[in-house]
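Here the structure comes first, spelled out in structure tokens, and everything after it is commentary.
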Amino acid sequence: MQLRLYDTLTKEKRPFTPLDPSNVRMYVCGPTVYDFAHIGNARPVIVFDVLFRLLRHLYGEAHVTYVRNITDVDDKINDRAARDFPGLPLNEAIRKVTELTEKQFHDDVDALGALRPTVEPRATEHIAEMRTIIEKLVQGGFAYVAEDHVLFSPQAMNAANSVLPRYGALANRSLDEMIAGARVDVAPYKRDSTDFVLWKPAKPGEPSWPSPSGISVPGRPGWHIECSAMAWKHLGEQFDIHGGGIDLVFPHHENELAQSACAFHSDRMANVWMHNGFLQVESEKMSKSLGNFITIRESLADWPGEVLRLNMLKTHYRSPIDWTSKALEESAKTLDDWYEIAADARADRPSDAVIDALSDDLNTPQMIAALHGLRNVAASGSERDRGEFAATLRLLGFLSESAAEWKGRKQQASGVDARQIDDLISNRTAARARKDFKESDRIRDELAAMGVVIKDSREGTTWEIAR
RNA sequence: GGCCACGUGGCGGAGUGGUUACGCAACGGUCUGCAAAACCGUGCACUCGGGUUCGAUUCCCGACGUGGCCUCCA
């Protein structure tokens, strides 16, 4: 089945045709590294990891380039550095914060079963490209210098009679609406309220670089220009897919698109713009003030990464998702079952039904339904059926452990003593053999109180930890 | 205030102009000393009001409800 993807810009689901099938190119906005990533940050990581895996399956592993940036220049980083390392020079403190946070982020998303992107560029290593784009924009009349800032003018962009897209097309609103809806105080150096910063002077002590466009004081880049620069460097002037959270549509992606299109005199930046929906926690917006702010790290203490991953995929990526412990329990139960059936099978070929579901704009709920179908066939089927099920799950980033490891992890987390359990079970088996069911039931209750569920079968009694 | 998305069974959640989503839970059965697990089976839906249509959960309009963006928050 032909891959079809929904494009935020044209608001339609349409067949995906790569610019170059031998190098399919995708850019996704990555984290700003100032603190632990929260569970909402995990959504684009998982969603676009699934897309990355699908593209690799369809076009070959060597023919997909996935770029996810790391934003390491930002006010929040500076604040954090000053707070956590008051004794150090700011630049050194900032490096400590970004290095530490980047490692935390990698550990977290590795645990979620996400493949590393092909390239993970850092903003601070692409200042030269940012300056180049800014110079192009100033020369092209799309940007201007004012009080040591460089500002981009959407008005100038829309006034230009050319192939350029209309500013506001991605966010689906007109410039007039944006002017009317402006709620923030307009900086005095802006010609129009809709102008946004490409470059700004650095405050004393902040990280800074030589400014472009004849500005004498050192400065630092605006947020949007970072992604334009990194995408250009690693994917070229045009590429296939640009992704991120839906909150980034405006202003971030609108502005990125404007910068790149104007700098390169192009009618587009990416062919497809994809945005994942937001996440709520127990039906409430996640926020620090509500006290329901969950980091990936905290979730990983309660659940294996694959449980979080499956749970995230139960909802289509464009819909809002309600993150609840009830849903996580269901996901855990499902994975327990899948591990038992498939984890130790020798992988065969992945299932077409699952690839087809994903090919329909990443219909992961449909994909999961197909997995349940494969599971039922595998449970009573041949080694090959189990192999197909296993291969499909592995393609999707599941089954990274053996069945024994998976089970053992759960036992370890529960803190029960396996030898003690075994002893109790032998006592119970003995009691049952002499038909002392009162005693055998008592032992079963004792085990249940410890959170242990037993299963009797012809081969004997096994046990596991109840969720 | 402006713009946008969504509203499916007890719960989660796809999809479709007329035919089973899927999972969890529930219920019945097989098995079991009794359970649990497993397996087999059953029931349950499309916010409300109009319209288009032979026929609408699916298309159009309206109401109500929920959520998002307009603030460098994924």
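Computation of the quantities below employed the complete heavy-atom set of this structure, encompassing side-chain atoms and omitting hydrogens, waters and symmetry-equivalent molecules. The sequence lines fix the lettering, A, B, ..., with proteins before strands; numbering per chain opens at 1.
- If you check every strand for non-hydrogen atoms under 4.0 Å, His275(A) touches nothing.
- Taking a centre distance below 5.5 Å and an interplanar angle below 30 degrees as the stacking criterion, Phe278(A) stacks against the six-membered base ring of A74(B).
- For the pair Ser331(A) (side chain) and Leu310(A) (backbone), a donor-acceptor distance under 3.5 Å is absent.
- Among the protein residues, Lys435(A) comes within range of no part of the nucleic acid, since none of its heavy atoms lies under 4.0 Å from any strand.
- The pair Asp344(A)-Arg386(A) does not count as a salt bridge, with every side-chain nitrogen at least 4.0 angstrom from each carboxylate oxygen.
- When the C1' atom is compared between G12(B) and A45(B), the two are found 14 Å apart, to the nearest whole Å.
- The separation between Asp7(A) atom CG and C4(B) atom P is 17 Å, rounded to whole Å.
- In this model, a donor atom of one side chain and an acceptor atom of the other lie less than 3.5 Å apart for Trp406(A) and Asp336(A).
- Taking atom CG of residue Leu170(A) and atom C1' of nucleotide C3(B), one finds them 14 Å apart after rounding to whole Å.
- To the nearest whole angstrom, the two C1' atoms, one in C48(B) and one in A56(B), are 15 Å apart.
- Spacing between C4(B) and G10(B) at atom P, rounded to whole Å, works out to 33 Å.
- Computed from coordinates, the Glu282(A) CD to G67(B) P distance equals 15 Å when rounded to whole Å.
- Here, C27(B) and A14(B) have their C1' atoms 25 Å apart, quoted to the whole Å.
- Between A74(B) and A35(B), the two C1' atoms lie 47 Å apart (nearest whole Å).
- Taking atom C1' in both U53(B) and G18(B), one finds a spacing of 12 Å when rounded to whole Å.
- Contacts of Leu279(A) with the nucleic acid, taken as non-hydrogen atoms under 4.0 Å apart, include base atoms.
- Comparing Gln280(A) and Asn41(A), the nucleotide of RNA chain B nearest to each residue sits closer to the 5' end for Gln280(A).
- Rounding to whole angstrom units, CH2 of residue Trp323(A) and P of A74(B) are separated by 17 Å.
- Counting non-hydrogen atoms under 4.0 angstrom, Asn363(A) reaches the backbone sugars and phosphates but no base.
- When the P atom is compared between G13(B) and U32(B), the two are found 40 Å apart, to the nearest whole Å.
- Checking Asn78(A), Asp72(A), Thr124(A) one by one against Ile94(A), the side-chain contact (heavy atoms from CB on, under 4.5 Å) holds for a single residue, Asn78(A).
- Classified by interplanar angle (parallel below 30°, tilted 30° to 60°, perpendicular above 60°), the ring pair Trp338(A)/Phe389(A) is perpendicular.
- Across all strands, Gly40(A) comes closer than 4.0 Å to base atoms (heavy-atom distances).
- Atom P of nucleotide C6(B) and atom CG of Asp322(A) are separated by 18 Å, given to the nearest angstrom.
- Judged by the 6.0 Å and 45° rule, Arg68(A) forms no cation-pi pair with Phe48(A).
- No hydrogens or angles considered: nothing links the side chains of Asp49(A) and Tyr66(A) as a donor-acceptor pair under 3.5 Å.
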**Study point:** Footprint string (nucleotides 33-38 of chain B, 5' to 3'): B base within contact, S backbone only, - free, heavy atoms under 4.0 Å
**Key:** BBBBS-
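- Asp356(A) and Ser359(A) share no donor-acceptor pair across their side chains, judged by distance under 3.5 Å alone.
- Nucleotides A37(B) and C31(B) have their C1' atoms positioned 11 Å apart, rounded to a whole Å.
- A tilted orientation is assigned to the rings of His253(A) and His275(A), their planes being inclined by 30° to 60°.
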Point to revise | side-chain hydrogen bond (donor to acceptor under 3.5 Å, both in side chains) assessment of Asp423(A) paired with Ser426(A) | key: CA-CA 5 Å; Asp423(A) 287 348; Ser426(A) 350; 4.8 Å; no
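- The residue Lys200(A) sits close to a base: some heavy atom pair falls under 4.0 Å.
- Side chains of Tyr167(A) and Asn255(A): a donor-acceptor N/O pair is present below 3.5 angstrom, by distance only.
- Side-chain nitrogen and oxygen atoms of Lys76(A) include at least one within less than 4.0 Å of the OP1 or OP2 phosphate oxygen of C73(B).
- Side-chain proximity of Met286(A) to A21(B), C72(B), A74(B): nearest is A74(B).
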Practice item. At under 4.0 Å between heavy atoms, which parts of nucleotides 23-30 of chain B does protein reach? Answer with one letter per nucleotide, 5' to 3': B base, S sugar-phosphate only, - none. Key: BSS-----
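- Defined by atom type and a distance below 3.5 Å, a donor-acceptor pair is missing between the side-chain atoms of Ser260(A) and Trp232(A).
- The strand RNA chain B forms stems, runs of 3 or more Watson-Crick or G-U wobble pairs with distances below 3.5 Å, at B:1-7 with B:64-70, B:10-12 with B:22-24, B:26-30 with B:38-42, B:47-51 with B:59-63.
- Using cut-offs of 30° and 60° for the angle between ring planes, the Phe196(A) and His224(A) rings count as perpendicular.
- Distance Phe196(A) CZ to U71(B) C1': 16 Å, rounded to the nearest Å.
- The separation between Met367(A) atom CE and G12(B) atom P is 20 Å, rounded to whole Å.
- Whole-Å rounding puts the His149(A) NE2 to C72(B) P distance at 14 Å.
- Checked options Arg309(A), Arg116(A), Lys103(A); the residue passing with Asp110(A) is Arg116(A) (criterion: salt bridge (charged side-chain N to carboxylate O under 4.0 Å, His left out)).
- Residues Phe250(A) and Lys314(A) both approach RNA chain B. Their nearest nucleotides, taken by heavy-atom distance, put Lys314(A) toward the 5′ side.
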